[in-house]
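Just below is one structure, and these are the notes that go with it.
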Amino acid sequence: MCGIVGYTGKNSALTPVLDGLRRLEYRGYDSAGIALATQVGKPLYVEKQAGKLKNLEEALVKKSDSNSGIGHTRWATHGGPTDTNAHPHLDNEGKLALIHNGIIENYVELRQQLEKLGHKFKSETDTESVVHLLSDARKDNNGDLAAAMRQVCKQLKGSFTLLAIHSDNPSHIVGARRNSPLVVGVGEGENFLASDVAAFIAHTKIALELGQDQVVEITPNSVVVTDLSGQIVKAKEYEISWDVSAAERGGFTHFMLKEIYEQPKAIADTLIGRLNGLNLKLNFKKFEKIVIIACGTAYNAGLVGKYAIEKWAQIPVDVELASEYRYREPSLNKKTLVIAISQSGETMDTLMALRYAKSKGATILSVCNTNGSTIGRESDEVLYTHAGPEIAVASTKAFATQLIAMYLIGLEIGRKLKKLSNNEIKEITEQLTQLPAKVEQILETVEPLRELTRKFKSAESVLFLGRHVGYPTALEGALKLKELAYMHAEGFAGGELKHGPIALIDNGTPVVAIMPTSSGILAEKMASNIQEVKARGAVVIVISDSEFTGADHLIRIPEANQLLQPVLSVVPLQVIAYEMAVARGNDVDQPRNLAKSVTVE
Ligand code: M6R
């Protein structure tokens, strides 16, 4: 939900700001803009354009440049994706520019007050109120932009990352954050601010984490962080563990395809050093139940986690949509372990559910892929997945590693509570170790599936069926197809078909059935479900680890322990969604209406 970059330093700002926006475009891509401080005390140079970043780049033909600037790529909330609503927003003199990620909840009353004071508004955004407020606060604070930012933050309700620049003091950029991400990149003679380290990884690997309600001021040679009272705060420094090539396509046509192929490594990296135990300071004996909270793909990983944790650790597990969780009165207390799963670590729905659970005394263990993210920092313990940066909006390798994290947690609790025998632990760990090679094997044989998928590109709807852990896998397959191919797709538990969904089957409806034989009796039941849909005209693509003559098309995957099968069976589903999106001419990495990190509720 909006990408934000700021640069000040010895070099020209335009290139790092545009490069940063390119790497952050996954966060939102309905408009983009920049502000550069080209002349001291004069109006800033501002360019903003609706549409993708390339529109902005084309508009920048008469390149102005300076040594400091800010840039923004937007996912619209308040006000449509127009040139005027694009960020940056300016004060009435055009000397102060502001960019924002998040939602200012009290913007209407602020706007009314500011209009009474004579401020002229141009856009329909919530953000524009903040720039006018900041302009007045700066005057109140004798031109001190950081002090003005602290004053303004106290007046704002909602979530925000803000960056501001004023042409009177062009080499200073001031940022602030509450409930939205902002990291500092510390360079030599240059410093950066961004929503995500990907924006500046080509320039520096040293980053600073900013806490809630902190204000940061950067110049080419200094970084000062304060809280809202103006007290200096020591920000936590860390080194980014991946390098710039991880955030590039590296010869693949799309990031999503690259990320599908990176899964064997991501799984191996997430397993490494953890099979003999996780270094978590949690007393699992005290928990009476576990609640998993997550959204979208992460929620589907949580559903698989429920099967594994309940089986191996024998603790009841509920899986909850984070966006729904805090709006009822869920039963949780000090004896509840809440597991929050989030690739970005900044999904607002998940963060809010986490805070709610914390306020009720629950212990929070999060599973995140982004170092230093808000969800990780606000948890009692974090288990990081090591998927590396996931740029495509559709989650693939992050899902695979979230599944691995679920297995590791199930194994850990089962081991700590002595619910698993040594032999069982040995069998599970051996099977986990084999997963990277098995995923590799699937990826070596997906070409015919890509060809097959193209045959269904005009289908009106595609159904996915599975039982046991095959059911959440079916949900994930359907979610991928919806978001990438813009096709109607549904995932069903095989046994539910006859309770309604079978009415959707028509002549030629493609049905993808997940049917590993490790599911034993359930594989037989799936075979019956397949007959039922075939009898009503469906064309059935079966994903299985053995020969099955009842399929119209059979996709073979390797055998694995039943609980681990989703790591394998999801791979063909990802390929189907990818290929369908390509065949239908869709934007694979940046599907319409979506953004990678959903930092608004
Ligand atoms: O960053 P998170 O894991 O918290 O994101 C949760 C969902 O928004 C995300 O998984 C979304 O459903 C994916 N884009 C689906 O591919």
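Whatever order the structure lists them in is the order used to number ligands and atoms, beginning at 1.
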Considering the heavy atoms of Q343, write down every atom of ligand 1 situated less than 4.0 Å from one of them.
1 (O), 2 (P), 3 (O), 4 (O)
Answer with yes or no whether the side chains of Q263 and Q574 bring together a donor and an acceptor at under 3.5 Å.
yes
Inter- and intrachain pairs under salt bridge (charged side-chain N to carboxylate O under 4.0 Å, His left out), touching residues 296-311, at least two apart
K306-E310
If you look only at pairs with a residue in residues 195-208, which of them pass as a side-chain hydrogen bond (donor to acceptor under 3.5 Å, both in side chains), with sequence neighbours excluded?
Y26-D196
Candidates T347, T370, T350, L351; heavy atom nearest atom 4 (O) of ligand 1 found on T347
Considering I293, N369, V393 one by one, which has a heavy atom nearer to atom 13 (C) of ligand 1 than any of the others?
V393
Check each atom of ligand 1 against the heavy atoms of G296 and keep those under 4.0 Å away; list them by number with element.
12 (O)
Trace of the salt bridge (charged side-chain N to carboxylate O under 4.0 Å, His left out) decision for R177 with E346
CA-CA 12 Å; R177 70 165 292 265; E346 57 174 272; over 6 Å; no
Which ligand 1 atoms are under 4.0 Å away from a heavy-atom of A394?
16 (O)
Of all the atoms in ligand 1, which lie at a distance below 4.0 Å from a heavy atom belonging to K480?
15 (C), 16 (O)
Please could you name the atoms of ligand 1 that E483 approaches to less than 4.0 Å, counting only its heavy atoms?
14 (N), 15 (C), 16 (O)
Which of the atoms of ligand 1 are close to S344, meaning less than 4.0 Å from one of its heavy atoms?
1 (O), 2 (P), 4 (O)
